[in-house]
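Accompanying notes for the structure given below.
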Amino acid sequence: MTSTPAPDPLARLAGRTVVVIGGSAGIGLETARRSVAAGASVILGGRDEQRLAAAAKELGDAARWRTVDNTDKDSIAAFFQGVDRVDHLFTPAASYRTGPMRELSDEDAESPFVSKFWGQYHAVRHAAPLLAEDGSVVLMSGAASVRPAGVAPAYVACNAAVEGLGRGLAVELAPVRVNVVSPGMVDGNLWSRRPASVREPAADGYRDAALLGRLGTEGEVADAVLFLFTNTYMTGSTLYPDGGYALR
Ligand SMILES: NC(=O)c1ccc[n+]([C@@H]2O[C@H](COP(=O)([O-])OP(=O)(O)OC[C@H]3O[C@@H](n4cnc5c(N)ncnc54)[C@H](OP(=O)(O)O)[C@@H]3O)[C@@H](O)[C@H]2O)c1
């Protein structure tokens, strides 16, 4: 008896165009790597030309790049003027400061919303006319939305707002699917740039709190993003690749 091979959902990415704003490093670059491995073309966005060029070189002919600063609406509009098709959009780019309400300047307190909330909102707004009907959007949140780590109320609220935005956009953009990925602490590029005096206590606290007793990897989060790109019945959902951090 011959058995039928199990369908490979990632095969749905072959020949598709995946746009990653925040694709020159970290989770976005890992998502781009996996998308290219599945046969997609990628368009990478970020602020730094050298980082973008290096990432695109690594990915080969399937990758193009354009600069964009997601704190600037005009820059986001200009980015999409050079894009003619979007099958899947992922928007992990974010630059912000976090900290206690009683310590942050107003500008710093507002920075998560400026970049991570409005940056993603305007990216989707400009991508919407280009999005394939059977395509999808994945927004980036963070598990601090449901379990605050440290004292950073505006950052916590921003992540919760991104998750609400995902549900709202899923209603507006259907049949285009819109989902959110909300990772826990990742052992990767972002935290490696922070001083050990900040990183190590945060990592120890995370290991204690997470059911799986460890940090995540950029690849584990990227796998969740590719699942949301390719599962054709997922929309309006938030996935938490957080090792069970939010539960304990
Ligand atoms: N890593 C974690 O532990 C973790 C956990 C939960 C949630 N998150 C969320 O995941 C996102 C970032 O993830 P990551 O770990 O992959 O960070 P990352 O390694 O620092 O990568 C960030 C990417 O976004 C780009 N970028 C940053 N600011 C930008 C801006 N204003 N405009 C355009 N591009 C910008 C960066 O390139 P340029 O600097 O050259 O622009 C880079 O390509 C953030 O929303 C963060 O809150 C991360």
Side-chain angles (χ1 to χ4, degrees), residues 19-34 42-56 58-59 63 65-76 78-80 90-98 111-123 126 138-150 152 154-163 165-166 180-194 198-199 202-203 205-207 210 214-222 224-225 238-243 245-246:
V19 175
V20 185
I21 299 189
S24 62
I27 296 162
L29 177 55
E30 197 52 43
T31 299
R33 285 191 187 106
R34 280 160 158 69
V42 294
I43 303 175
L44 310 176
R47 294 166 301 179
D48 185 273
E49 289 194 9
Q50 284 183 343
R51 232 187 322 271
L52 284 162
E58 179 206 315
L59 296 173
W65 59 269
R66 295 178 62 73
T67 53
V68 61
D69 181 347
N70 84 345
T71 64
D72 175 351
K73 277 187 271 193
D74 293 341
S75 172
I76 298 171
F79 175 89
F80 281 103
F90 179 43
T91 49
S95 43
Y96 51 78
R97 297 183 76 85
T98 69
S111 64
F113 274 88
V114 169
S115 179
K116 190 165 179 173
F117 181 85
W118 290 112
Q120 295 197 86
Y121 177 99
H122 289 296
H126 288 288
V138 178
L139 303 179
M140 175 58 94
S141 178
S145 61
V146 285
R147 182 172 180 182
Y155 176 71
V156 166
C158 175
N159 286 299
V162 169
E163 292 172 19
L165 178 65
V180 183
V181 67
S182 192
M185 186 173 177
V186 171
D187 185 6
N189 179 59
L190 183 149
W191 279 95
S192 72
R193 298 195 313 269
R194 295 184 176 158
V198 174
R199 186 179 63 242
Y206 199 88
R207 286 186 201 98
R214 65 173 176 86
L215 277 56
T217 67
E218 290 168 344
E220 287 169 326
V221 181
V225 176
T238 299
L239 275 189
Y240 296 93
D242 69 349
Y245 170 78

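Whatever order the structure lists ligands and atoms in, that order sets their numbers, starting from 1. Residue numbers count from 1 along this sequence.
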Positive for side chain to side chain contact (heavy atoms under 4.5 Å, CB included) with L44, one of L59, V19, V68, T67: L59

I need the atoms of ligand 1 closer than 4.0 Å to a non-hydrogen atom of M140, numbered in the order shown. 9 (C), 10 (O), 11 (C), 45 (O)

Point-to-point distance, once rounded to the nearest 0.5 Å, from CG of L139 to CG of N159: 11.5 Å

Considering only the protein, which heavy-atom contact is closest to atom 7 (C) of ligand 1, and what is its distance? S141 O, 3.3 Å

Which ligand 1 atoms, with their elements, are less than 4.0 angstrom from a heavy-atom of G22? 23 (C), 24 (O), 25 (C), 43 (O)

What's the shortest distance from atom 39 (O) of ligand 1 to any protein heavy atom, and which residue and atom give it? R47 NH2, 2.9 Å

Heavy atom of the protein closest to atom 15 (O) of ligand 1 (residue, atom name, distance): L190 CB, 3.4 Å

For ligand 1, is there an atom lying under 4.0 Å from some heavy atom of P183? yes

Heavy-atom contacts under 4.0 Å between Y206 and ligand 1: side chain, backbone, both, or neither? neither

I need the atoms of ligand 1 closer than 4.0 Å to a non-hydrogen atom of G26, numbered in the order shown. 16 (O), 19 (O)

What are the two closest non-hydrogen atoms of G119 and I76, and how far apart are they? O-CD1, 3.7 Å

Considering A93, S192, G119, which one's heavy-atom position lies nearest to atom 26 (N) of ligand 1? A93

Please check this pair: side chain of N70 against backbone of S115, looking for a donor-acceptor N/O pair closer than 3.5 Å. yes

Using a 3.5 Å distance criterion without hydrogens, assess whether the side chain of Y245 forms a donor-acceptor pair with backbone atoms of Y206. no

With a cutoff of 4.0 Å, is E218 in contact with ligand 1, counting heavy atoms of the residue only? no

Atom 32 (N) of ligand 1: closest protein heavy atom, distance to 0.1 Å, is N70 N, 2.9 Å

Heavy-atom distance to atom 33 (C) of ligand 1: which of L215, I27, V68 wins? V68

Please check if atom CG in D187 has more than 12 non-hydrogen atoms from other residues, nucleotides or ligands closer than 6.0 Å. no

Considering only the protein, which heavy-atom contact is closest to atom 18 (P) of ligand 1, and what is its distance? N189 ND2, 3.6 Å

Please say whether more than 12 non-hydrogen atoms of neighbouring residues, nucleotides or ligands are located less than 6.0 Å from CZ in R199. yes

Distance from S141 atom OG to Q120 atom CD, nearest 0.5 Å? 8.0 Å

Atoms of ligand 1, numbered as shown, that sit under 4.0 Å from any heavy atom of Y96: 46 (C), 47 (O)

Ranked by distance from atom 3 (O) of ligand 1, the top protein heavy atom is V186 N, 2.8 Å

Under 4.0 Å from atom 22 (C) of ligand 1, is there at least one protein heavy atom? no

CG of D242 to CD of E220, rounded to nearest 0.5 Å, is 11.0 Å

For F79, does its backbone N or O pair with a side-chain atom of R66 as donor and acceptor, under 3.5 Å? yes

Decide yes or no on side chain to side chain contact (heavy atoms under 4.5 Å, CB included) for W118 and K73, but give the supporting numbers first. CA-CA 9 Å; W118 290 112; K73 277 187 271 193; over 6 Å; no

Taking all non-hydrogen atoms of both residues into account, name the closest pair between E163 and S145 and its distance. OE2-OG, 2.7 Å

I need the atoms of ligand 1 closer than 4.0 Å to a non-hydrogen atom of A25, numbered in the order shown. 21 (O), 42 (C), 43 (O)

For M185, counting its heavy atoms only, list the atoms of ligand 1 lying under 4.0 Å from any of them. 3 (O)

Using a strict 4.0 Å cut-off to heavy atoms of S24, name the atoms of ligand 1 that fall inside it. 37 (O), 42 (C), 43 (O)

Distance to 0.1 Å, residue and atom name: give those for the protein heavy atom nearest to atom 31 (N) of ligand 1. S95 OG, 2.9 Å

Near D48, which atoms of ligand 1 are under 4.0 Å from a heavy atom of that residue? 40 (O)

Take atom OH of Y121 as the centre, draw a 6.0 Å sphere, and report whether it contains more than 12 heavy atoms from other residues, nucleotides or ligands. no

Out of P92, G28, P241, G216, the nearest non-hydrogen contact to atom 12 (C) of ligand 1 is supplied by P92

Nearest protein heavy atom to atom 20 (O) of ligand 1, by residue and atom, and its distance? R193 NH1, 3.0 Å

Evaluating non-hydrogen atoms only, which member of G142, G184, S182 is closest to atom 4 (C) of ligand 1? G184

So, the side chain of R97 versus the backbone of S111: is there a donor-acceptor pair under 3.5 Å, distance only? no

Does D69 reach ligand 1 with a nitrogen or oxygen that is under 3.5 Å from one of the ligand's nitrogen or oxygen atoms? yes

Qualifying residue, where the test is side chain to side chain contact (heavy atoms under 4.5 Å, CB included) with V225 and the options are V138, V20, L239: V138

